[in-house]
Amino acid sequence: MNTPRTAEVMTDHPVIHLDRVGMTYSSRKETNEVLRDCSLSVRSGEFVSIVGQSGGGKTTLLRIVSGLLESTAGTVNLNGQNIDKSLSDLSMVFQKPVLLPWRNIEDNVLLPMEFRGRVTEDMRTYAKELLEMAGLTHAAKRNPYELSGGMQQRVAICRALVSRPSIMLMDEPFGALDAMTRDTMNIELQRIWAETKRSILFVTHSIPEAVFLSDRVVVIGDRPGRVIADITIDLPRLRTKAHRYTPEFYEYETQISELIGAKESIA
Ligand SMILES: Nc1ncnc2c1ncn2[C@@H]1O[C@H](COP(=O)(O)OP(=O)(O)O)[C@@H](O)[C@H]1O
Ligand SMILES: [Mg+2]
(Lines give C-alpha, C1' and ligand atoms only; values in the text may rest on other atoms or scores of the structure.)
(Ligands and ions follow the chains in the order given, each with its own letter.)
Protein backbone atom coordinates (compact mmCIF):
# COMPACT_ATOMS: atom_id res chain seq x y z
CA MET A 1 0.00 0.00 0.00
CA ASN A 2 1.38 3.36 -0.98
CA THR A 3 -0.72 5.63 1.15
CA PRO A 4 1.28 8.73 2.02
CA ARG A 5 2.46 8.86 5.60
CA THR A 6 2.26 12.61 5.91
CA ALA A 7 -0.99 14.46 6.53
CA GLU A 8 -3.24 15.53 3.72
CA VAL A 9 -2.52 18.93 2.29
CA MET A 10 -4.47 21.67 4.05
CA THR A 11 -7.76 22.01 2.27
CA ASP A 12 -10.56 24.48 2.54
CA HIS A 13 -13.26 22.07 3.50
CA PRO A 14 -13.10 20.65 6.99
CA VAL A 15 -12.28 16.96 7.45
CA ILE A 16 -15.23 16.62 9.81
CA HIS A 17 -18.31 18.73 9.38
CA LEU A 18 -21.50 18.31 11.40
CA ASP A 19 -24.47 20.38 10.40
CA ARG A 20 -27.36 20.66 12.87
CA VAL A 21 -27.04 17.06 13.99
CA GLY A 22 -29.76 15.80 16.28
CA MET A 23 -30.32 12.49 17.98
CA THR A 24 -33.43 11.18 19.66
CA TYR A 25 -33.36 7.66 21.07
CA SER A 26 -36.78 6.05 20.88
CA SER A 27 -38.12 2.98 22.55
CA ARG A 28 -41.68 1.77 22.76
CA LYS A 29 -42.07 3.43 26.15
CA GLU A 30 -40.32 6.78 25.68
CA THR A 31 -38.29 9.10 23.52
CA ASN A 32 -35.08 10.73 24.72
CA GLU A 33 -33.74 13.73 22.82
CA VAL A 34 -30.00 13.57 23.51
CA LEU A 35 -28.58 15.98 20.90
CA ARG A 36 -30.12 18.99 19.19
CA ASP A 37 -28.74 21.23 16.44
CA CYS A 38 -25.10 20.30 16.96
CA SER A 39 -22.87 21.93 14.35
CA LEU A 40 -19.09 21.72 14.44
CA SER A 41 -16.08 21.40 12.17
CA VAL A 42 -12.62 19.95 12.47
CA ARG A 43 -9.98 21.09 9.99
CA SER A 44 -7.09 19.03 8.70
CA GLY A 45 -4.51 18.43 11.41
CA GLU A 46 -6.61 20.07 14.09
CA PHE A 47 -7.04 18.69 17.61
CA VAL A 48 -10.57 19.38 18.84
CA SER A 49 -12.01 18.26 22.17
CA ILE A 50 -15.62 17.89 23.20
CA VAL A 51 -16.39 18.44 26.87
CA GLY A 52 -19.64 18.30 28.77
CA GLN A 53 -21.44 16.67 31.65
CA SER A 54 -21.64 12.94 31.96
CA GLY A 55 -24.73 11.73 30.11
CA GLY A 56 -24.66 14.86 27.94
CA GLY A 57 -24.42 12.99 24.63
CA LYS A 58 -20.66 13.07 23.93
CA THR A 59 -20.34 9.36 23.16
CA THR A 60 -23.51 9.53 21.08
CA LEU A 61 -21.99 12.37 19.04
CA LEU A 62 -18.75 10.46 18.44
CA ARG A 63 -20.65 7.32 17.45
CA ILE A 64 -22.56 9.39 14.89
CA VAL A 65 -19.31 10.79 13.44
CA SER A 66 -17.86 7.27 13.27
CA GLY A 67 -20.89 5.96 11.40
CA LEU A 68 -21.71 3.43 14.14
CA LEU A 69 -24.94 5.30 14.78
CA GLU A 70 -27.22 7.18 12.43
CA SER A 71 -28.37 10.61 13.58
CA THR A 72 -32.07 11.38 13.53
CA ALA A 73 -31.47 14.91 12.21
CA GLY A 74 -28.80 16.88 10.35
CA THR A 75 -25.85 15.76 8.26
CA VAL A 76 -22.29 14.53 8.78
CA ASN A 77 -19.58 15.02 6.17
CA LEU A 78 -16.10 13.55 6.34
CA ASN A 79 -13.48 14.90 3.95
CA GLY A 80 -16.27 16.63 2.10
CA GLN A 81 -18.11 13.36 1.47
CA ASN A 82 -21.19 11.89 2.95
CA ILE A 83 -20.33 9.70 5.92
CA ASP A 84 -20.87 6.19 4.46
CA LYS A 85 -18.29 6.69 1.71
CA SER A 86 -15.39 7.60 3.95
CA LEU A 87 -15.42 5.07 6.80
CA SER A 88 -12.07 3.52 6.00
CA ASP A 89 -10.35 6.86 6.55
CA LEU A 90 -11.28 6.98 10.21
CA SER A 91 -10.43 5.08 13.34
CA MET A 92 -11.65 5.10 16.90
CA VAL A 93 -10.04 4.72 20.33
CA PHE A 94 -12.35 3.73 23.17
CA GLN A 95 -12.13 4.24 26.92
CA LYS A 96 -10.95 0.65 27.34
CA PRO A 97 -8.10 -0.48 25.07
CA VAL A 98 -9.88 -3.79 24.14
CA LEU A 99 -6.82 -5.76 23.05
CA LEU A 100 -7.03 -9.44 22.13
CA PRO A 101 -5.43 -11.24 25.11
CA TRP A 102 -4.03 -14.14 23.09
CA ARG A 103 -2.15 -12.00 20.55
CA ASN A 104 1.10 -10.20 21.18
CA ILE A 105 1.24 -6.41 21.06
CA GLU A 106 2.57 -6.14 17.52
CA ASP A 107 -0.17 -8.46 16.22
CA ASN A 108 -2.79 -6.50 18.13
CA VAL A 109 -1.59 -3.33 16.39
CA LEU A 110 -1.82 -5.07 13.01
CA LEU A 111 -5.37 -6.31 13.56
CA PRO A 112 -7.12 -3.62 11.48
CA MET A 113 -4.85 -4.44 8.53
CA GLU A 114 -5.62 -8.13 8.90
CA PHE A 115 -9.34 -7.33 8.73
CA ARG A 116 -8.71 -5.53 5.47
CA GLY A 117 -6.81 -8.43 3.91
CA ARG A 118 -3.22 -9.58 3.98
CA VAL A 119 -0.58 -8.12 6.30
CA THR A 120 2.46 -7.16 4.20
CA GLU A 121 6.04 -6.61 5.37
CA ASP A 122 5.54 -2.86 4.83
CA MET A 123 2.62 -2.86 7.23
CA ARG A 124 4.60 -4.82 9.81
CA THR A 125 7.45 -2.32 9.50
CA TYR A 126 5.02 0.54 10.01
CA ALA A 127 3.52 -1.16 13.07
CA LYS A 128 7.03 -1.45 14.52
CA GLU A 129 7.67 2.23 13.80
CA LEU A 130 4.47 3.20 15.60
CA LEU A 131 5.40 1.05 18.59
CA GLU A 132 8.79 2.69 18.65
CA MET A 133 7.21 6.14 18.55
CA ALA A 134 4.99 5.12 21.48
CA GLY A 135 8.01 3.86 23.43
CA LEU A 136 6.85 0.25 23.24
CA THR A 137 9.48 -1.50 21.13
CA HIS A 138 10.53 -3.63 24.09
CA ALA A 139 6.93 -4.82 24.53
CA ALA A 140 6.21 -5.74 20.89
CA LYS A 141 6.32 -9.49 21.46
CA ARG A 142 4.64 -9.43 24.88
CA ASN A 143 1.01 -10.20 25.58
CA PRO A 144 -1.45 -7.49 26.73
CA TYR A 145 -1.73 -8.75 30.34
CA GLU A 146 1.99 -8.07 30.82
CA LEU A 147 1.46 -4.34 30.17
CA SER A 148 0.17 -1.56 32.45
CA GLY A 149 -3.10 0.23 31.65
CA GLY A 150 -1.25 3.22 30.22
CA MET A 151 0.89 1.02 27.98
CA GLN A 152 -2.19 -0.88 26.75
CA GLN A 153 -3.87 2.39 25.86
CA ARG A 154 -0.77 3.42 23.88
CA VAL A 155 -1.06 0.11 21.99
CA ALA A 156 -4.70 0.96 21.20
CA ILE A 157 -3.55 4.33 19.84
CA CYS A 158 -0.91 2.63 17.65
CA ARG A 159 -3.61 0.25 16.40
CA ALA A 160 -5.82 3.22 15.52
CA LEU A 161 -2.92 4.80 13.58
CA VAL A 162 -1.78 1.71 11.67
CA SER A 163 -4.29 2.14 8.84
CA ARG A 164 -3.05 5.73 8.42
CA PRO A 165 -6.48 7.27 8.86
CA SER A 166 -6.71 11.01 8.41
CA ILE A 167 -9.25 11.17 11.25
CA MET A 168 -9.02 9.75 14.75
CA LEU A 169 -11.94 9.73 17.15
CA MET A 170 -11.13 9.19 20.82
CA ASP A 171 -13.76 8.61 23.50
CA GLU A 172 -12.32 9.33 26.96
CA PRO A 173 -9.30 7.15 26.21
CA PHE A 174 -7.54 8.05 29.47
CA GLY A 175 -10.59 8.10 31.71
CA ALA A 176 -9.64 4.88 33.48
CA LEU A 177 -6.04 5.90 34.24
CA ASP A 178 -4.71 7.45 37.44
CA ALA A 179 -3.96 11.18 37.33
CA MET A 180 -0.20 10.89 36.92
CA THR A 181 -0.35 8.31 34.13
CA ARG A 182 -3.00 10.45 32.49
CA ASP A 183 -0.74 13.53 32.49
CA THR A 184 2.05 11.47 30.91
CA MET A 185 -0.36 10.09 28.30
CA ASN A 186 -1.50 13.61 27.46
CA ILE A 187 2.10 14.58 26.70
CA GLU A 188 2.58 11.37 24.67
CA LEU A 189 -0.59 11.92 22.69
CA GLN A 190 0.35 15.51 21.91
CA ARG A 191 3.69 14.27 20.57
CA ILE A 192 2.08 11.49 18.49
CA TRP A 193 -0.44 13.97 17.11
CA ALA A 194 2.31 16.47 16.24
CA GLU A 195 4.37 13.75 14.53
CA THR A 196 1.56 12.11 12.57
CA LYS A 197 -0.54 15.23 11.84
CA ARG A 198 -3.87 13.48 12.22
CA SER A 199 -7.12 15.32 12.72
CA ILE A 200 -8.39 14.32 16.14
CA LEU A 201 -11.83 14.64 17.71
CA PHE A 202 -11.36 13.85 21.39
CA VAL A 203 -14.03 13.40 24.03
CA THR A 204 -13.24 13.95 27.70
CA HIS A 205 -14.92 15.15 30.85
CA SER A 206 -11.60 16.49 32.17
CA ILE A 207 -11.33 20.19 31.44
CA PRO A 208 -7.54 20.39 32.10
CA GLU A 209 -7.02 17.50 29.68
CA ALA A 210 -9.10 19.25 27.01
CA VAL A 211 -7.26 22.58 27.45
CA PHE A 212 -3.86 20.89 27.46
CA LEU A 213 -4.43 18.91 24.25
CA SER A 214 -6.65 21.03 22.07
CA ASP A 215 -6.58 23.68 19.41
CA ARG A 216 -10.28 24.14 20.14
CA VAL A 217 -12.62 22.98 22.89
CA VAL A 218 -16.28 22.48 22.04
CA VAL A 219 -18.59 22.65 25.05
CA ILE A 220 -21.79 20.61 24.95
CA GLY A 221 -24.58 21.78 27.25
CA ASP A 222 -26.92 19.04 28.31
CA ARG A 223 -30.58 18.04 28.02
CA PRO A 224 -30.63 18.10 25.10
CA GLY A 225 -26.96 18.36 24.16
CA ARG A 226 -26.19 21.49 22.18
CA VAL A 227 -22.94 23.20 21.26
CA ILE A 228 -22.87 26.08 23.75
CA ALA A 229 -19.32 27.27 23.10
CA ASP A 230 -16.41 26.69 20.74
CA ILE A 231 -13.24 28.03 22.35
CA THR A 232 -9.88 28.46 20.62
CA ILE A 233 -7.03 27.51 22.95
CA ASP A 234 -4.35 29.99 22.10
CA LEU A 235 -1.43 28.42 23.97
CA PRO A 236 1.95 27.66 22.36
CA ARG A 237 2.88 24.16 21.12
CA LEU A 238 4.33 21.84 22.13
CA ARG A 239 2.83 22.26 25.58
CA THR A 240 4.56 21.00 28.67
CA LYS A 241 3.39 20.22 32.17
CA ALA A 242 4.52 23.69 33.21
CA HIS A 243 1.85 25.22 30.96
CA ARG A 244 -0.81 23.74 33.23
CA TYR A 245 0.18 26.14 35.99
CA THR A 246 0.13 29.36 33.98
CA PRO A 247 -2.58 32.02 34.45
CA GLU A 248 -3.65 31.61 30.79
CA PHE A 249 -4.26 27.90 31.27
CA TYR A 250 -6.21 28.55 34.46
CA GLU A 251 -8.34 31.16 32.69
CA TYR A 252 -9.38 28.67 30.01
CA GLU A 253 -10.17 26.07 32.69
CA THR A 254 -12.33 28.53 34.63
CA GLN A 255 -14.12 29.75 31.52
CA ILE A 256 -15.00 26.22 30.42
CA SER A 257 -16.02 24.96 33.85
CA GLU A 258 -18.32 27.94 34.27
CA LEU A 259 -19.92 27.11 30.93
CA ILE A 260 -20.47 23.50 31.96
CA GLY A 261 -21.61 24.66 35.36
CA ALA A 262 -20.10 21.72 37.17
CA LYS A 263 -17.40 21.88 39.80
CA GLU A 264 -16.92 18.13 39.55
CA SER A 265 -15.65 18.57 36.01
CA ILE A 266 -12.33 19.99 37.17
CA ALA A 267 -10.64 16.63 37.54
N1 LIG B 1 -28.29 3.12 22.75
C2 LIG B 1 -28.98 3.97 23.53
N3 LIG B 1 -30.32 3.88 23.63
C4 LIG B 1 -31.03 4.74 24.39
N5 LIG B 1 -30.47 5.75 25.09
C6 LIG B 1 -29.13 5.89 25.03
C7 LIG B 1 -28.32 5.01 24.25
N8 LIG B 1 -27.03 5.40 24.38
C9 LIG B 1 -27.04 6.47 25.20
N10 LIG B 1 -28.30 6.77 25.58
C11 LIG B 1 -28.69 7.90 26.47
O12 LIG B 1 -28.23 9.09 25.86
C13 LIG B 1 -27.76 10.01 26.84
C14 LIG B 1 -26.34 10.44 26.51
O15 LIG B 1 -25.47 9.34 26.62
P16 LIG B 1 -23.96 9.40 26.14
O17 LIG B 1 -23.93 9.78 24.71
O18 LIG B 1 -23.33 8.11 26.51
O19 LIG B 1 -23.39 10.60 27.03
P20 LIG B 1 -21.89 10.92 27.53
O21 LIG B 1 -20.94 10.17 26.66
O22 LIG B 1 -21.77 12.41 27.40
O23 LIG B 1 -21.81 10.49 28.95
C24 LIG B 1 -27.91 9.30 28.18
O25 LIG B 1 -29.10 9.75 28.78
C26 LIG B 1 -28.02 7.85 27.80
O27 LIG B 1 -28.80 7.15 28.75
MG1 LIG C 1 -19.44 8.79 27.10
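Just the heavy atoms: all of them, side chains too, but no hydrogens, waters or symmetry mates, feed the values below. Starting from 1, each residue takes its place in the sequence as its number. Ligands are counted one by one from 1 in listed order, and the atoms in each one are counted from 1 as well.
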Any N or O of V34 closer than 3.5 Å to N or O of ligand 1: no
Enumerate the atoms of ligand 1 whose separation from the nearest heavy atom of G56 is less than 4.0 angstrom. 19 (O), 20 (P), 22 (O)
Would a 4.5 Å heavy-atom cut-off, applied to side chains only, mark R154 and E188 as touching? yes
Quick check against the 3.5 Å criterion: does T232 have a side-chain atom that pairs as donor or acceptor with the backbone of R216? no
Closest protein heavy atom to atom 19 (O) of ligand 1, given as residue, atom name and distance to 0.1 Å: G57 N, 3.1 Å
Could you find the nearest protein heavy atom to atom 7 (C) of ligand 1 and give me its residue, atom name and distance? Y25 CZ, 3.3 Å
Salt-bridge present (K128, E132; N to O < 4.0 Å): no
Taking only heavy atoms of Q53, which atoms of ligand 1 are found under 4.0 Å from at least one of them? 22 (O)
How far is atom 16 (P) of ligand 1 from its nearest protein heavy atom, and which residue and atom name does that atom have? T60 OG1, 3.7 Å
Of all the atoms in ligand 1, which lie at a distance below 4.0 Å from a heavy atom belonging to G55? 13 (C), 14 (C), 19 (O), 20 (P), 22 (O), 23 (O), 24 (C)
Heavy-atom protein neighbour under 4.0 angstrom from atom 27 (O) of ligand 1: no
Stepwise salt bridge (Lys or Arg N to Asp or Glu O under 4.0 Å) check, R43 with D215: CA-CA 10 Å; R43 297 198 163 275; D215 296 315; over 6 Å; no
Look at atom OH of Y250 and say whether more than 12 heavy atoms of other residues, nucleotides or ligands are closer to it than 6.0 Å. no
Looking only at heavy atoms, which two atoms of V203 and P173 are closest? And how far apart? O-CD, 4.1 Å
What residue and atom, counting heavy atoms only, is the protein's closest point to atom 25 (O) of ligand 1, and at what distance? N32 ND2, 3.7 Å
Atom 2 (C) of ligand 1 within contact range, any protein heavy atom under 4.0 Å: yes
Between the main-chain N or O of V217 and the side-chain N or O of S214, is there a donor-acceptor pair closer than 3.5 Å? no
Touching ligand 1 at all, G52? Heavy atoms, strictly under 4.0 Å? no
Below 3.5 Å, N or O to N or O, backbone or side chain included: is there any such pair between K58 and ligand 1? yes
Select one of side chain, backbone, both or neither to describe which atoms of D171 lie under 4.0 Å from any atom of ligand 1, heavy atoms only. neither
Test: R63 and D171 ion pair at under 4.0 Å: no
Please identify which atoms of ligand 1 are closer than 4.0 Å to at least one heavy atom of S54. 23 (O)
Distance check below 2.8 Å: does T59 bring an N, O or S atom to the Mg ion (ligand 2)? yes
With a cut-off of 6.0 Å (strictly less than), are more than 12 heavy atoms of other residues, nucleotides or ligands near CD of E121? no
Per the salt bridge (charged side-chain N to carboxylate O under 4.0 Å, His left out) rule, which among R159, R124, R142 passes with D107? R124
Can you name the atoms of ligand 1, numbered from 1 with element, that are less than 4.0 Å from a heavy atom of T59? 17 (O), 18 (O), 20 (P), 21 (O)
